[in-house]
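Chain naming here is simple, since letters A, B, ... match the order of the sequence lines and numbering starts at 1 in each.
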Amino acid sequence: MASSFFEDVYEVARLIPKGRVTSYGAIANYLGVKSGARMVGWAMNEAHKLRDVPAHRVVNRQGLLTGKMHFATPDTMENLLASEGVKVQEDKIVNFSDVFWDPVSELN
DNA sequence: ACACTGACCACTG
DNA sequence: CCAGTGGCCAGTG
């Protein structure tokens with residue numbers, strides 16, 4: 001099996017329930033890579049283009065849509081989140097703690 | 001083959 | 001409390 005860092009990221013990203021969001025660090029932490037958050041975002045860059053990975057459900061630790069500019073349009077990410085019931089304001093997720101989905105706690 | 005960068009996070013001073 | 005730096009993997013110049 002191609003147990004690559006990217007592969008794992010794709011898996012977790014796809015497991016994110018609709019209407020929920022997670023952070024790069026949370027995924028990295030779940031994968032056991034403490035400081036691999038940077039690569040998670042990078043993996044997403046390829047992932048959301050090549051695979052059906054909901055990269056719009058992955059934001060930074062602050063709930064800020066840091067990667068919105070990497071989508072087709074800067075409004076794509078915000079639009080997708082809003083479409084799933086996630087409220088976004090000022091490029092930031094409202095009630096972030098409420099919609100936050102931690103793979104370590106959920107997937108255990 | 002080397003160095004730097006990249007949608008980040010946490011620690012130290 | 002605020003600012004700075006290190007660290008992880010993979011890809012590109």
Work out how far the P atom of dC8(B) is from that of dC1(C), and round it to whole angstrom. 24 Å
For nucleotides dA7(B) and dA3(C), find the distance between their C1' atoms and express it as a whole number of Å.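 The same atom, C1', in both gives a distance of 23 Å.
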Taking side chain as C-beta onward, heavy atoms only, is [X] less than 4.5 Å from [Y]?
| X | Y | result |
| --- | --- | --- |
| Ser23(A) | Asn60(A) | no |
| Met44(A) | Val53(A) | yes |
| Phe5(A) | Val40(A) | yes |
| Lys68(A) | Asp91(A) | yes |
| Leu65(A) | Leu81(A) | yes |

Interatomic distance, [X] [atom1] vs [N] [atom2] [rounded to whole Å]:
| X | N | atom1 | atom2 | answer |
| --- | --- | --- | --- | --- |
| Tyr10(A) | dA7(B) | OH | C1' | 13 Å |
| Asp8(A) | dC8(C) | CG | C1' | 14 Å |
| Phe5(A) | dG6(B) | CZ | C1' | 13 Å |
| Leu50(A) | dG11(C) | CG | P | 12 Å |
| Asn45(A) | dT12(C) | CG | P | 11 Å |
| Leu31(A) | dA10(C) | CG | P | 12 Å |
| Ile93(A) | dA7(B) | CD1 | P | 18 Å |
| Ile16(A) | dA7(B) | CD1 | C1' | 13 Å |

How long is the span from the [atom1] atom in [X] to the [atom2] atom in [Y], to the nearest 0.5 Å?
| X | Y | atom1 | atom2 | answer |
| --- | --- | --- | --- | --- |
| Ile16(A) | Ile27(A) | CD1 | CD1 | 5.0 Å |
| Tyr30(A) | Thr22(A) | OH | OG1 | 11.5 Å |
| Arg57(A) | Arg20(A) | CZ | CZ | 11.0 Å |

Answer yes if the side chains of His56(A) and Glu84(A) hold a donor-acceptor pair under 3.5 Å, and no otherwise.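 Yes.
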Where protein sits on nucleotides 8-13 of chain B, one letter per nucleotide: B base, S sugar-phosphate only, - none, heavy atoms under 4.0 Å: BSS---
So what does His56(A) touch, heavy atoms closer than 4.0 Å: a base, only the sugar-phosphate, or nothing?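 Contact class for His56(A): none.
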May I ask you to say what Ala28(A) touches in the nucleic acid, namely base, sugar-phosphate or nothing, with a heavy-atom cut-off under 4.0 Å? nothing
Duplex segments of DNA chain C, taken as runs of at least three Watson-Crick or G-U pairs that stay under 3.5 Å: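 Stem segments, range with range: B:2-6 with C:9-13, B:8-13 with C:2-7.
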Of all the nucleotides listed (dG11(C), dC8(C), dA7(B)), which has the minimum atom distance to the side chain of Trp42(A)?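 Out of dG11(C), dC8(C), dA7(B), the nucleotide with an atom closest to Trp42(A)'s side chain is dG11(C).
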